[in-house]
Amino acid sequence: MPTRRIRDTERRRCPKACETCKRRKERCDGLLPCRRCTMRGVDAQCTFASGPSPGSQHSPGSHSNSNSTITINHSSNTNANNSFLPDRNDCHIATGAFRGSEPSSTEIMTTDISPELTTSPRQRRSSQVFHTSPAAPVPQLSRLIKDGRGKFMFIGDAANLSFLQIIRRIVSESVGSCPFVDDPLRNHMVEVSPEGRPSWISASLSEPPPKPSAAEAQYFLRWYKRATNCILNLYDDAELGAELERWRDGERGGEQDAATSAILYLIFAIGAQTCPEDKDELAERYFNYGRFLTASSVMEDPSLATVRAYILITMYLLGASRRNAAFMYLGIAVRAAYALGIHRGDIGSLFSPAEYTTRERLWRGLRILDLFLSSSLGRPPSTSETRDTTSRENYSATNDLCSIFESILTEVYAKRMVSTEVLERISEQHRRWSSRFAEGLATDDIEPGEYLESTDDSGSLLPNIGLCHLKQSYYWTIMLLSRPFLVESVSRHTSRARARAHADLDDDHDAPPPPSSPSDHLLAHACVDSAIRTVELLRGPLSSTGTGSGVPKRLPFVINSLFVSALVLGLAVLGDLDRAFPLERTLATAQRLLRRLSSHDAVGERDAAIVEHLQGACDAYLERRARRRMERQGLLIGGLFGSVHLLEAGAGAGSGSDHHQHHLREVPPRAVAAGVHQLLSPDTDASADQQMSMGSLGGEGGHHMSGHVETGGVVQMLPAVTDMILPMSPRTLLFDSFDENLPLFPTVDARLIHLGGYHMEDISPDGMMLGPMG
C-alpha cells in the first residue's frame with residue numbers, strides 16, 4: 001500500500017533533534033526530554049548537541065517547590081505575525097501551536113505543589129486532587145478568521161471555533177480525511193449578513209411599522225419573557241405591563257415617549273422573533289424601527305433607557321445569528337453603563353430603592369451578555385465585577401455565576417497560565433455556587449420548578465427556560481475550565497497510539513507510557529460529565545417544539561451549550577472514553593436537538609452540520625477501533641484453531657504475504673501471551689485492552705496483522721498460545737436436564753394450528769390439548 005501523501009500544512013518538524021533520536025534515526029519532537037525518550041524510560045539521557053532544545057519542557061533540577069505555576073509561553077516563530085492570517089495555512093489555526101507531536105510546542109514549566117501551602121482543611125482536601133497535576137496547557141490558538149463578508153475577525157483561545165479546530169486536528173491524525181476535516185467552511189465564521197447597504201434608517205423614516213394591538217402586544221410580550229428569562233430581566237412584570245399601558249394610551253410625550261417607544265418596539269421584535277409563528281418579517285420591521293428610535297433619541301446622552309435599548313438590540317442580533325454586530329452594540333451599552341456608574345453597587349445605593357433595583361437588573365443583563373459573547377468568541381470581557389457576589393444580601397445566582405466566568409477567562413485563558421491555586425480557587429467558587437444557587441433564584445426572577453404554569457389561562461405546563469439557562473451556564477463553566485485537560489489527555493492518547501503503531505517491536509518500545517496524574521483524569525472526566533448532563537438537562541424541554549410546546553424557536557444560549565457539549569463528547573470518543581461514559585447515545589441526542597432548533601437559526605444550522613460530520617468521524621473511528629480489536633483477537637484464535645480465511649486471503653497475496661509473514665514472526669512471545677490472557681480473561685478492563693494495543697501486535701490499521709498472511713506465520717505463534725491454554729485440569733461439562741415426565745419434543749398437529757383450530761389457552765405447556773377445538 002503506498003504511503004498516504006501528507007499535505008505541507010500537516011507536516012510537523014522541530015528545528016533540532018536530540019542525540020538519542022539522531023543515533024536511532026527516529027523522529028524527535030524537539031522537547032527536553034522528548035516524547036520518545038520519555039516513553040522508552042531514558043529521559044535522563046535525552047540531550048541536545050548544544051544547549052537545550054528551543055521547545056524544551058524543563059531541564060533537570062529546574063523544579064522548585066516555591067513556584068506552583070504552570071506557565072505557557074509563546075512559541076518562538078519569526079513569522080508569528082503573518083501566521084495569524086488564515087490564507088497562510090490550510091487549517092488556518094495556530095500561531096505556532098501544535099507543531100510537534102504533542103498538543104502544544106509551547107514552553108511549560110511545572111512544579112510540584114506541597115499540601116502544606118494551603119490554609120484551610122477544605123483547601124487541603126482539594127490540594128490532594130490538584131497538587132499532582134502536570135501541565136495542561138491552554139492551546140495557543142488566537143487568530144483571525146473570515147466572516148460572511150470576507151473580513152478578518154479575531155477569535156481567541158476560549159472560542160468555540162478554536163476548540164473546534166483542535167478537534168479537527170485530532171480527527172485528522174486519528175481518522176484521516178473525512179467531511180469533518182475537509183469542511184469547506186472550516187475557515188469561516190458563519191453568520192447572517194444583510195445584503196446591500198444598510199437601508200433601515202430610510203425605511204424606518206418612510207414606513208414605520210404600525211402599533212400592535214393590545215392582544216398582539218401581550219402575545220409578543222409573553223414570548224419575550226419566555227425567551228429571555230434569566231438573561232434579560234430588565235423589568236418587573238408589573239412594571240413592564242404598566243409601562244405598556246401608558247405607552248398605548250399616549251400619556252407621555254417628548255423625549256421620554258421616544259425612549260419608551262424604542263424599548264417597547266425592541267421587545268416586540270424579540271417576541272415576534274422567538275414566537276412559534278412565522279413573523280420574522282414583522283420582527284425585522286419592529287427591530288429596525290426600535291433601533292432607529294434608539295439612535296435618534298437616546299444614543300448621545302447616556303441614560304438608563306440607553307443601556308436598556310442597546311441590551312435589547314444585542315439580544316435580538318444574537319437571535320438573528322449576527323454575533324459580531326451584537327458584540328459591537330453591546331460595547332455601547334457597557335460604556336453607557338460605566339458613564340452612569342451602574343457597574344458600582346455602592347453608587348446605586350445612593351438612589352431610590354426602585355432605581356437601585358433597576359440598575360442592578362441592567363448590570364446583570366450586561367454581565368450575562370458580555371461574558372456569553374466573550375466566552376463563545378474568545379474575546380476579552382468588557383465588564384469587570386466590583387461587587388461582592390457572595391454577599392447574603394440580595395444574593396444573585398446569575399451574578400455569582402458570571403464572576404466564575406470572568407475568573408476563568410481572565411485567570412486561565414487570558415494569562416495562558418494554569419496553577420494549582422487558580423484551580424482550587426475556581427473549584428471552590430463552583431462548590432459554593434452549587435450549594436447556594438437556589439437562594440438567588442428569587443432575586444433573578446427564576447422559578448425553582450422544572451415546569452411552570454402558562455400565563456395565558458390555558459392551564460398547560462411550560463418548560464422553565466430560565467432555570468435551564470442557569471444550569472447549562474454552570475455546566476459550561478466547568479467545561480470551559482477543564483477543557484484544556486481533556487484536550488491534553490486525548491492528544492496524549494492519540495500520540496501514544498501513533499507511537500505504538502510506528503514503533504519497532506523491541507524491548508525499548510515495549511515499556512509502558514509514563515502515567516498521568518489522577519487529577520488530570522478527574523478534570524478531563526469532569527468536562528465530559530458536564531457535557532452529558534447539559535444534553536440530559538435540555539433533552540426534556542426540547543423534546544417537543546412547536547406552537548403548543550411553549551419553547552421559543554430561537555434560543556442562542558441553548559444552541560451554544562448544545563454545540564459545546566457535542567464537541568466535548570466527540571473529542572472524548574477519540575480518547576476512548578466511551579468505555580466510561582454513554583458518549584454515542586448522548587452525542588446523537590445533542591445532534592438531534594441541534595437539528596430541531598436549526599430551522600430558524602443560521603448559527604444553529606451550521607452547528608448542527610458540524611456535529612453531524614463529527615458524529616460521522618466518531619463512527620469511523622469506532623469502527624476502525626473495533627476492526628483492529630477483531631483482527632488482533634482473530635490472530636490469537638487462529639493460533640489455536642487455525643484460520644481458513646487467512647489461507648484464502650493469502651493465496652492470492654503473492655510476494656506480499658512473505659512481507660507480512662516476516663513481520664508476524666517478529667511479534668514478541670510476551671505480546672502473544674498478554675493477548676491470550678486478555679482474550680480469555682472476562683475481568684480485563686479497558687485500560688488493559690489499551691495497553692495490549694495495536695502496536696503490541698502489529699500497529700494501527702493492521703499493518704502487521706493484514707488478512708494477507710499465510711497460515712505458516714500463524715503457526716509460529718501456536719506454541720506461545722497453547723502453552724498458556726492446554727495445561728488445565730480435567731473438568732466435567734454441565735448441561736441442563738429435562739424433567740423425566742416432560743416430553744422432549746411435544747407435538748401438536750400443525751394442520752390444525754394452520755387452520756386456526758386451536759386457541760393458545762387450549763394448549764398445555766407440554767403441547768398437549770386441554771379441551772376440544774372450538
Considering all heavy atoms, the nearest P448-L467 contact:
O-CD2, 3.4 Å
With a cut-off of under 6.0 Å to the ring centre and 45° to the axis, is R308 in cation-pi contact with Y235?
yes
Shortest non-hydrogen contact between F163 and L571, atoms and distance:
CE1-CD2, 3.7 Å
Would you please test F292 and N288 for side chain to side chain contact (heavy atoms under 4.5 Å, CB included) and show each step?
CA-CA 6 Å; F292 165 74; N288 287 331; over 6 Å; no
State, without any angle test, whether Y316 and R291 hold a side-chain donor-acceptor pair at a distance under 3.5 Å.
no
Return the minimal non-hydrogen interatomic distance between I465 and L555, and the atom names on each side.
CG2-CD2, 4.3 Å
What closest approach, in Å, do A590 and A566 show between heavy atoms, and which atom pair accounts for it?
CB-CB, 4.2 Å
In sequence, state the C-alpha distance, the side-chain angles, and the governing distance for N324 and E191, and then conclude on side chain to side chain donor-acceptor pair (under 3.5 Å).
CA-CA 9 Å; N324 283 317; E191 284 194 315; 3.2 Å; yes
Evaluate E439 against R392 for salt bridge (charged side-chain N to carboxylate O under 4.0 Å, His left out), listing each step before the verdict.
CA-CA 9 Å; E439 304 174 9; R392 292 285 180 181; 3.0 Å; yes
What do you reckon, is NZ of K225 surrounded by more than 12 foreign heavy atoms closer than 6.0 Å?
yes
Below 4.5 Å, heavy atoms only, C-beta onward: do R592 and T589 meet side chain to side chain?
yes
Decide whether T586 and E536 meet the rule of one side-chain donor and one side-chain acceptor closer than 3.5 Å.
no
Donor-acceptor pair between D370 and T383 side chains, under 3.5 angstrom
yes
Can you tell me how far CG of L462 sits from OH of Y451, rounded to the nearest 0.5 angstrom?
10.5 Å
Parallel under 30°, tilted from 30 to 60°, perpendicular over 60°: which one fits the rings of Y265 and Y289?
perpendicular
Determine, stepwise, if the pair E428 / R431 fulfils salt bridge (charged side-chain N to carboxylate O under 4.0 Å, His left out).
CA-CA 5 Å; E428 173 64 26; R431 293 192 297 271; 2.6 Å; yes
Can you name the one residue among E277, H600, R596, Q273 that meets side-chain contact (heavy atoms from CB on, under 4.5 Å) with K553?
H600
Looking only at the side chains, is there a donor atom on one of S321 and D601 sitting less than 3.5 Å from an acceptor on the other?
yes
Show your working on side chain to side chain contact (heavy atoms under 4.5 Å, CB included) between I231 and F372 and close with a plain yes or no.
CA-CA 10 Å; I231 301 174; F372 170 77; over 6 Å; no
Value rounded to 0.5 Å, distance of CG in L232 from CD1 in I270
6.5 Å
To the nearest 0.5 angstrom, please state how far the CZ atom of R222 sits from the SG atom of C275.
10.5 Å
More than 12 heavy atoms from other groups under 6.0 Å of CZ on R595:
yes
Is it true that R361 and E239 have a side-chain N and a carboxylate O under 4.0 angstrom from each other?
no
Could you report the tightest heavy-atom contact between I408 and H430, atom names first, then the distance?
CD1-CE1, 4.4 Å
Give me each pair satisfying salt bridge (Lys or Arg N to Asp or Glu O under 4.0 Å) with a member in residues 335-345, each pair once, sequence neighbours excluded.
R344-D346
Applying side chain to side chain contact (heavy atoms under 4.5 Å, CB included) to Y224 and T274, what does each step give before you reach the verdict?
CA-CA 7 Å; Y224 159 80; T274 56; 5.8 Å; no
Do W476 and N560 come close enough that some side-chain heavy atom pair is under 4.5 Å?
yes
Measure the shortest side-chain to side-chain distance between L330 and L366 over non-hydrogen atoms and say whether it is less than 4.5 angstrom.
yes
Can you confirm whether E450 is buried at CD, in the sense that more than 12 heavy atoms of other residues, nucleotides or ligands lie under 6.0 Å from that atom?
no
Is a salt bridge present between E245 and R248, judged by a nitrogen-to-oxygen distance below 4.0 Å?
no
Which heavy atom of I311 sits nearest to which heavy atom of L362, and what is that distance?
CD1-O, 3.8 Å
Any non-hydrogen side-chain atom of I610 less than 4.5 Å from a side-chain atom of L185?
no
Under a 4.0 Å N-O cut-off, is there an ion pair linking D157 with R483?
no
Rounded at 0.5 Å granularity, tell me how far CD1 in I532 sits from CG in L537.
13.5 Å
Flag, side chain of W247 to backbone of D257, donor-acceptor distance under 3.5 Å
no
Verdict with supporting geometry, T386 and H343, side chain to side chain donor-acceptor pair (under 3.5 Å):
CA-CA 7 Å; T386 60; H343 63 292; over 6 Å; no
Is any side-chain heavy atom of S162 closer than 4.5 Å to a side-chain heavy atom of I155?
yes
Once you measure the plane-to-plane angle for Y219 and W223, does it fall in the parallel (<30°), tilted (30-60°) or perpendicular (>60°) bin?
perpendicular
Report the C-alpha separation of E216 and K279 in whole Å, then their side-chain angles, then the decisive distance to 0.1 Å, and conclude whether the salt bridge (charged side-chain N to carboxylate O under 4.0 Å, His left out) test is met.
CA-CA 12 Å; E216 289 177 334; K279 294 184 178 294; 5.4 Å; no
Heavy-atom side-chain contact between K146 and N187 under 4.5 Å
no
When rounded to the nearest 0.5 angstrom, what is the spacing between OG in S376 and CD1 in I559?
12.5 Å
Run the side chain to side chain contact (heavy atoms under 4.5 Å, CB included) test on L240 and I267 for me, step by step, so that the C-alpha distance in whole Å, both residues' side-chain angles and the decisive distance to 0.1 Å come before the verdict.
CA-CA 10 Å; L240 183 57; I267 289 176; 3.9 Å; yes
Within the 4.5 Å heavy-atom criterion, are S598 and D607 side-chain neighbours or not?
no
Rounded to the nearest 0.5 Å, what separates atom CD in Q472 from atom OG in S530?
12.5 Å
So Y286 and F220, would you call those rings parallel, tilted or perpendicular, with 30° and 60° as cut-offs?
perpendicular
Can you tell if the side chain of H469 reaches within under 4.5 Å of the side chain of V558, non-hydrogen atoms only?
yes
For D444 and S396, test the side chains for any donor-to-acceptor distance below 3.5 angstrom and give the result as yes or no.
yes
Using a 3.5 Å distance criterion without hydrogens, assess whether the side chain of R364 forms a donor-acceptor pair with backbone atoms of N233.
no
Verdict with supporting geometry, R436 and D400, salt bridge (charged side-chain N to carboxylate O under 4.0 Å, His left out)
CA-CA 10 Å; R436 293 188 56 195; D400 201 11; 5.4 Å; no
